[in-house]
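Note on naming: letters A, B, ... go to the chains in the order of the sequence lines (proteins, then strands), and numbering restarts at 1 for each one.
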Amino acid sequence: MIKKKRANEIFRRLARRYPDPEPALDWSHAWELLVATVLAAQCTDERVNKVTPALFKRWPTIADMATADIHEVEEMVRSTGFFRNKAKNIVASASLIINEFGGRVPETMAELIRLPGVARKTANIVLSNAFHIHEGIAVDTHVKRLSFRLGLTKHTDPVRIEKDLMPLFERKNWGDINHFLVYYGREVCNAQRPRCTECELADICPKKGVE
DNA sequence: ATCCCGAGGG
DNA sequence: CCCTCTGGAT
């Protein structure tokens, strides 16, 4: 099957499986989503959701976080792993937003990736989910794995995968395709033991049963 | 390529 | 013990 046609079919089936896409991270505005997404690096969303309520209560605004004590932040995000880098980056990002972006989370890729600890994946999540702007497709561990297994890319580098994926889906669907692949990656096409026998994409999957 | 790093599953 | 979890910086 042609790759583009396979991509359309994947999107169609997953859109039916997930009719009401909801982000798994808890957030109420762009800054909270940015922080939650930074914390979600190599960590489950479930665990992130356990630490963010206290975090946002302790430092409710970007300006509050910009003046936070790093060590106190470290202790509150410790369980998410990489806690020193994450705490430092969150506070530094808050400062940069206050000092250079007028106190508001920027709404472009070029500006977002200037924030420490924020690269294309995190920026794409914030842009699509908080601002409904689709500059690219967020490529994380799930999107990477499923794109490769489903034959949508031959590459393993996230930037090249993103370039391979963008022409395969309509721009307005770039946010949804991330959500679909992440959820399907968790529920069926997981990393260790993909459930190929109960996979509704098996008939169009080049790697069925291989991995 | 390597480091950052805790928590949970198998 | 090993691998994985919506990565990013050096």
*Is there a side-chain contact (heavy atoms from CB on, under 4.5 Å) between A:Leu165 and A:Ser147 once you walk through the steps?*
CA-CA 8 Å; A:Leu165 293 182; A:Ser147 296; 3.6 Å; yes

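- One finds no side-chain N or O of A:Arg193 lying less than 4.0 angstrom from the OP1 or OP2 phosphate oxygen of C:dC3.
- The separation between A:Phe180 atom CZ and C:dT6 atom C1' is 15 Å, rounded to whole Å.
- Counting non-hydrogen atoms under 4.0 angstrom, A:Val118 reaches the backbone sugars and phosphates but no base.
- Atom P of nucleotide C:dC5 and atom CG of A:Asn190 are separated by 8 Å, given to the nearest angstrom.
- A donor-acceptor pair is defined here as one N or O able to donate and one able to accept, closer than 3.5 Å; such a pair exists between the side chain of A:Asn124 and the backbone of A:Gly136.
- The shortest distance between the side-chain N/O atoms of A:His142 and the OP1/OP2 oxygens of C:dC5 is below 4.0 Å.
- Look at A:Arg186 and A:Asp45 and you find a salt bridge, because one of the NZ, NE, NH1 or NH2 atoms lies within 4.0 Å of a carboxylate O, short of that distance.
- Which of C:dG8, C:dT6, B:dA7 sits closest to the side chain of A:Ala119 comes down to C:dG8.
- Protein atom CG of A:Asp176 is 18 Å distant from nucleotide atom P of C:dT6, rounded to whole Å.
- Distances from the side chain of A:Arg47 to the nucleotides C:dG7, C:dT4, B:dG8 place B:dG8 closest.
- The separation of B:dA7 from C:dG8, taken at their P atoms, amounts to 22 Å, rounded to a whole angstrom.
- One can place NZ of A:Lys144 at 13 Å from C1' of C:dG8, the figure rounded to the nearest angstrom.
- Residue A:Ala138 is out of contact with every strand shown, counting any heavy-atom pair closer than 4.0 Å.
- No side-chain donor from either of A:Tyr183 and A:Glu22 sits under 3.5 Å from a side-chain acceptor of the other.
- Where A:Pro23 and A:Asn89 meet DNA chain C, the nucleotide closest to each residue was compared, and A:Pro23 sits on the side nearer the 5' end.
- Taking 4.0 angstrom as the limit, A:Gln192 places none of its side-chain polar atoms (N or O) nearer than this to OP1 or OP2 of C:dT4.
- The existence of a salt bridge linking A:Glu135 and A:Arg120 is excluded, since no basic side-chain nitrogen approaches an acidic carboxylate oxygen closer than 4.0 Å.
- Between the P atom of C:dC5 and the CG atom of A:Leu181 lies a distance of 14 Å, rounded to the nearest Å.
- When the P atom is compared between B:dC4 and C:dT6, the two are found 23 Å apart, to the nearest whole Å.
- The listed nucleotides are B:dC5, C:dG8, C:dT6; the one nearest the side chain of A:Thr122 is C:dG8.
- Between the side chain of A:Asn178 and the base of C:dT6, a donor-acceptor pair under 3.5 Å is found.
- When rounded to the nearest whole Å, the span between CG of A:Leu39 and P of B:dC5 equals 13 Å.
- Summarising the geometry, the separation between CD on A:Gln42 and P on B:dC3 is reported as 15 Å, rounded to the nearest angstrom.
- Residue A:Phe82 is classed as a base contact, given a heavy-atom separation below 4.0 Å to a base.
- Of the candidate nucleotides C:dG7, C:dT4, B:dG6, B:dG6 has the atom lying nearest to any side-chain atom of A:Ser79.
- The residue A:Thr141 sits close only to the backbone: its heavy atoms come under 4.0 Å of sugar-phosphate atoms, none of a base.
- The nearest whole Å value for the distance from the CZ atom in A:Arg120 to the P atom in C:dA9 is 13 Å.
- Note on A:Arg114 versus A:Glu100: salt bridge recorded, some NZ/NE/NH1/NH2 to OD/OE distance being below 4.0 Å.
- Within 4.0 Å (heavy atoms only), A:Arg186 reaches at least one base atom of the nucleic acid.
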